[in-house]
Amino acid sequence: MKNDKLQELLASMTLKEKLGQLSQITGEPYVGQVDEEMVETGPAYPQHVLDEETLYTIGSVIGVSGAETTNRIQAEYLKHSRLKIPLLFMHDAIHGYRTIFPIPLGLSCSWDEGLVQRVAEETASEMRAAGIHVNFSPMTDLVRDARWGRVMESFGEDHLLSGNLGSAMIRGYQKILADGRIAPDGVAACLKHFAAYGAGIAGKDYNTVDMSMREFFEYYGKPYEIALRERPKFVMSSFNTFNAVPVTASPEMLKEILRGQYGFEDLIISDWGAVTELQRHRVARDGKEAAELALQAGVDIEMVSTHYLEHCETIIKERRELLEDVDAAVMKVLRLKDELGLFENPYTDESKEGDVILNPVSLELAEEAGMRSCVLLKNENQTLPLRPEHRNVVLVGPFARTRELLGNWACKGRFGDVVTLEEGLKQADASLSVAAFVKLEDCPKEVLELCDYIVVAIGEYWEQSGEGHSSVDLELEEDHKQLIRAVKETGLPYACVCFSGRPLALQHIIGDIPALLWCWYPGTRAGAAVAKLLIGLETPTGKLTMSFPRVSAQTPIYYNEYSTGRPAKESSYSSRYQDCEIGPLFPFGHGLTYARATYSDFVISSSRITLTEDVKVNFRIKNPSRYEYSEIFILYIEDVVSKAVRPIREMKAYRIVPIPAYGSVNVEMSISLEDLKYLGTDLQRTIEPGEFRIYVNDYECPVFTIQY
């Protein structure tokens with residue numbers, strides 16, 4: 001539809017119809033509850049607001065899936081709609097739609113933007129086949145506190161990596177064509193949650209955020225800034241207050257920063273019920289004040305609450321200047337519907353859905369992503385992988401046979417589709433004898449006597465992480481610890497695999513674990529992916545993107561903390577806890593492989609960096625093993641002296657390089673002058689002459705200086 005036709009359509013709309021386009025509800029008011037294809041719990045809408053006339057002005061529906069169901073709702077809606085403007089259907093496919101991939105925190109441990117983009121592409125294809133047009137993903141909130149349940153949806157504690165992986169996910173979802181339009185099998189991406197939602201005080205979900213603007217622009221805002229360059233069609237405003245103002249009511253955050261400084265031009269949607277929650281924040285006396293605050297702050301679409309519908313006609317009569325904002329928002333909605341081709345064909349081809357859902361390409365990718373997400377945290381004496389003599393394997397623990405390996409926010413994933421760890425081991429090597437038990441005492445004595453190796457499958461149950469699941473205790477449950485110690489007492493070789501939605505605090509049990517493979521929640525092909533790593537068909541390659549605390553009270557903990565006048569040391573009069581060892585148990589960037597590759601021959605191209613010449617770091621990596629794999633290289637800098645206090649280390653670059661079996665590779669990484677700039681106390685980017693140190697993974701390189 002040409003722009004002039006869209007303008008004509010806008011001009012023909014009543015104010016009530018415009019406000020309907022800026023409102024989102026669940027699908028039940030149109031067709032009632034339809035099996036599992038509807039959101040589980042919809043709000044109780046005020047009957048006087050969603051009357052027969054208003055119901056057929058609504059612009060979008062949340063939480064509905066399945067081609068038959070979306071088509072049924074669309075048909076019912078269009079039958080009664082005066083202007084026949086099709087509905088948009090939106091959903092939360094955080095790490096897959098029906099084919100479930102590793103949780104985003106797990107995916108981030110692959111460090112692979114290409115892999116993340118492919119995951120998003122397959123997710124988008126399934127969503128579009130199911131009649132969904134918009135995905136509430138990616139989440140690029142920077143996270144540093146594992147107590148927050150939603151760390152599972154994040155890409156970890158580094159702002160650069162989070163932004164880059166968010167960008168990759170947006171590219172994958174939207175599949176932008178040469179003419180700038182979303183592909184027919186793509187969906188509109190919604191970047192969330194703007195802003196700093198992951199920085200809630202004490203790791204409590206929905207909690208207050210209070211930080212300096214320097215901290216925001218340098219770290220917490222940076223992932224959004226990076227990901228917004230991929231032009232997602234939506235940004236979701238966050239629940240939290242930011243420096244005493246709820247973001248949903250903040251013109252500073254949504255207009256000055258998001259639109260002004262970051263250049264976002266498309267649709268801003270509130271989070272679920274966030275407009276009505278302005279009353280609970282006690283910045284709005286009633287629904288009318290809440291609607292006015294959100295509208296003037298720049299929220300285009302109100303999700304599930306109905307204050308725009310109920311009050312904005314009155315508000316606009318009182319403040320005519322807001323009509324311009326309403327018209328601009330409605331035009332963006334109409335243009336998106338046009339870009340998605342909904343005016344020409346508002347329905348989904350139901351005959352194609354079955355071919356796309358759980359297709360072989362998606363399942364193969366889910367298995368690859370599952371393997372690439374796992375992190376080998378510990379491997380004493382090469383306990384892993386299993387050796388040729390380990391033929392009789394006992395698999396024990398609460399995760400030995402379970403199919404509940406999807407993780408939270410698993411959209412339409414079904415446990416029945418999941419490959420268990422027991423099934424995965426049997427499929428990976430038919431010569432293995434695998435006996436699986438939830439408890440060690442369930443294992444018959446004669447089976448244990450024949451056992452060559454024990455795999456202990458423990459972790460955090462999937463319901464314990466995710467939205468609304470913040471926790472003060474990050475330790476393994478006591479019965480899981482007791483299981484590990486009981487296995488140790490058998491004297492048999494053993495290793496642990498752990499499933500979780502977040503880093504856990506393992507200080508009190510790690511000494512009893514000879515080898516630990518951290519699997520996060522791998523998704524539909526979980527057991528197949530993990531089994532291949534356990535038996536050594538592939539080597540783990542993942543590296544942590546979030547630090548593991550030793551004990552729960554050590555959180556928040558992160559690698560790029562600021563320097564202090566009393567750095568942590570053995571003395572109590574330093575920046576440390578007196579009853580805990582210094583530093584994380586497993587730091588950001590940690591991850592072992594079976595290859596045991598060695599690094600050597602570090603050189604830099606110059607001892608000085610200039611405006612025209614980068615500093616290049618060259619080194620050699622040697623792989624003495626049979627594994628052909630990809631190594632992750634992470635380059636950090638340390639600013640030796642600066643006017644403003646800087647982090648101890650900052651990641652500035654990373655690369656993934658294929659390493660041949662029994663071979664070696666020369667690797668080059670570079671640092672530019674731009675990489676050395678930082679945000680000064682005046683909120684201006686600055687650079688100062690002086691010395692810098694470079695580190696690649698755990699290796700220190702020669703010092704270099706800045707020269708203008």
Side-chain angles (χ1 to χ4, degrees), residues 138-144 154-155 158-171 174 188-200 208-271 274 293-301 321-322 324-325 328-329 332 560 644 646-647 650 652 672-687:
M139 185 184 106
T140 60
D141 299 322
L142 187 67
V143 298
R144 292 170 166 176
S154 80
F155 296 123
D158 182 82
H159 51 291
L160 174 62
L161 182 65
S162 294
N164 289 345
L165 295 183
S167 296
M169 203 162 254
I170 292 167
R171 286 194 299 275
Q174 298 192 154
C190 179
L191 182 68
K192 64 184 189 182
H193 310 79
F194 194 85
Y197 181 40
T208 298
V209 174
D210 196 357
M211 68 174 59
S212 72
M213 295 310 294
R214 179 173 179 260
E215 181 76 356
F216 175 78
F217 284 119
E218 188 78 324
Y219 298 107
Y220 283 91
K222 188 61 68 173
Y224 311 119
E225 181 184 6
I226 294 170
L228 283 167
R229 296 168 191 162
E230 287 296 328
R231 302 180 66 85
K233 298 298 181 180
F234 285 84
V235 167
M236 184 182 293
S237 63
S238 54
F239 288 117
N240 56 281
T241 63
F242 183 90
N243 293 350
V245 180
V247 174
T248 301
S250 175
E252 178 187 16
M253 297 304 296
L254 299 183
K255 287 186 173 179
E256 295 177 23
I257 296 176
L258 177 58
R259 294 210 184 278
Q261 292 185 238
Y262 292 166
F264 180 67
E265 297 177 347
D266 288 292
L267 288 157
I268 298 174
I269 186 169
S270 78
D271 208 334
L293 285 170
L295 187 62
Q296 71 182 10
V299 174
D300 296 315
I301 297 176
E321 73 276 9
L322 291 177
E324 185 177 337
D325 293 339
K332 284 181 279 191
N560 55 348
R646 301 287 302 280
E650 292 180 276
K652 290 297 179 181
S672 70
L673 204 61
E674 188 66 28
D675 291 327
L676 305 181
K677 291 182 179 178
Y678 71 96
L679 202 65
T681 55
D682 59 357
L683 300 186
Q684 300 298 312
R685 296 203 69 76
T686 186
I687 191 166

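Atom set for the values below is all heavy atoms of this structure, side chains included, hydrogens, waters and symmetry mates excluded. FYI, the numbering just counts along the sequence from 1.
Looking at heavy atoms from C-beta onward, Tyr197 lies out of side-chain contact with Lys192 at the 4.5 angstrom threshold. When side chains are defined from C-beta on, Tyr220 counts as touching Met211, because their heavy atoms get closer than 4.5 Å. Side-chain contact between Leu258 and Val235 is present, with at least one heavy-atom pair separated by less than 4.5 Å. In this structure, the side chains of Asn164 and Phe155 stay at 4.5 Å or more apart for every pair of heavy atoms.
Note on Arg259 versus Glu252: no salt bridge recorded, every NZ/NE/NH1/NH2 to OD/OE distance being 4.0 Å or above. Taking the charged nitrogens against the carboxylate oxygens, Glu265 and Lys332 have no contact shorter than 4.0 Å, which rules out a salt bridge. Between Glu218 and Arg685 a salt bridge is recorded (basic side-chain N to carboxylate O distance below 4.0 Å).
The two residues Phe194 and Met253 come nearest to each other via the heavy atoms CE2-O, 3.2 Å. The two residues Gly166 and Pro138 have their closest heavy-atom pair at O-CG, 3.6 Å. When all heavy atoms are compared, the tightest approach of Leu191 to Pro232 is CB-CG, 4.1 Å. Across all non-hydrogen atoms, the minimal contact from Ala249 to Ala297 is C-CB, 3.5 Å.
Checked by atom type, the side-chain pair Tyr219/Glu650 shows a donor-acceptor distance below 3.5 Å.
If you take CE on Met139 and OG on Ser162, they are separated by 8.5 Å, rounding to the nearest 0.5 Å. If you take OH on Tyr224 and OH on Tyr262, they are separated by 9.0 Å, rounding to the nearest 0.5 Å. The distance from atom CD of Gln174 to atom NZ of Lys233, rounded to the nearest 0.5 Å, is 6.0 Å. The line from CG of Asp300 to CZ of Phe234 is 9.0 Å long, rounded to the nearest 0.5 Å.
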*Walk me through it: do His159 and Asn560 pass the test side-chain contact (heavy atoms from CB on, under 4.5 Å)?*
CA-CA 10 Å; His159 51 291; Asn560 55 348; 4.2 Å; yes
*Could you give me the CA-CA distance, side-chain angles and deciding distance for Val247 and Thr241, then say whether side-chain contact (heavy atoms from CB on, under 4.5 Å) is met?*
CA-CA 6 Å; Val247 174; Thr241 63; over 6 Å; no
*Go through Ile268 and Ile301 one step at a time and tell me if the side-chain contact (heavy atoms from CB on, under 4.5 Å) criterion holds.*
CA-CA 6 Å; Ile268 298 174; Ile301 297 176; over 6 Å; no
*Please lay out, stage by stage, how Val299 and Ile269 fare under the test side-chain contact (heavy atoms from CB on, under 4.5 Å).*
CA-CA 6 Å; Val299 174; Ile269 186 169; over 6 Å; no
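Scored by the side-chain hydrogen bond (donor to acceptor under 3.5 Å, both in side chains) test, Asp675 finds Ser672 as partners (sequence neighbours excluded). Residues satisfying the side chain to side chain contact (heavy atoms under 4.5 Å, CB included) criterion with Arg214, sequence neighbours excluded, are Ser212, Tyr562, Ala644, Tyr678, Leu679, Leu683. Scanning for side chain to side chain contact (heavy atoms under 4.5 Å, CB included) contacts around Asp325 gives Lys255, Leu322, with sequence neighbours left out. With sequence neighbours excluded, the residues that form a side-chain hydrogen bond (donor to acceptor under 3.5 Å, both in side chains) with Ser237 are Thr248. With sequence neighbours excluded, no residue forms a side-chain hydrogen bond (donor to acceptor under 3.5 Å, both in side chains) with Asp271.
In Glu324, the CD atom is not crowded: 12 or fewer heavy atoms of neighbouring residues, nucleotides or ligands sit closer than 6.0 Å.
Among Thr140, Asp141, Asn240, the one residue that satisfies the side chain to side chain donor-acceptor pair (under 3.5 Å) test with His193 is Asp141.
Between the side chain of Ser167 and the main chain of Gly163, a donor-acceptor pair closer than 3.5 Å is present.
Listed by first and then second residue, the ring pair (Phe, Tyr, Trp, His ring centres under 6.0 Å) pairs that reach into residues 242-261 are Phe216-Phe242, sequence neighbours excluded.
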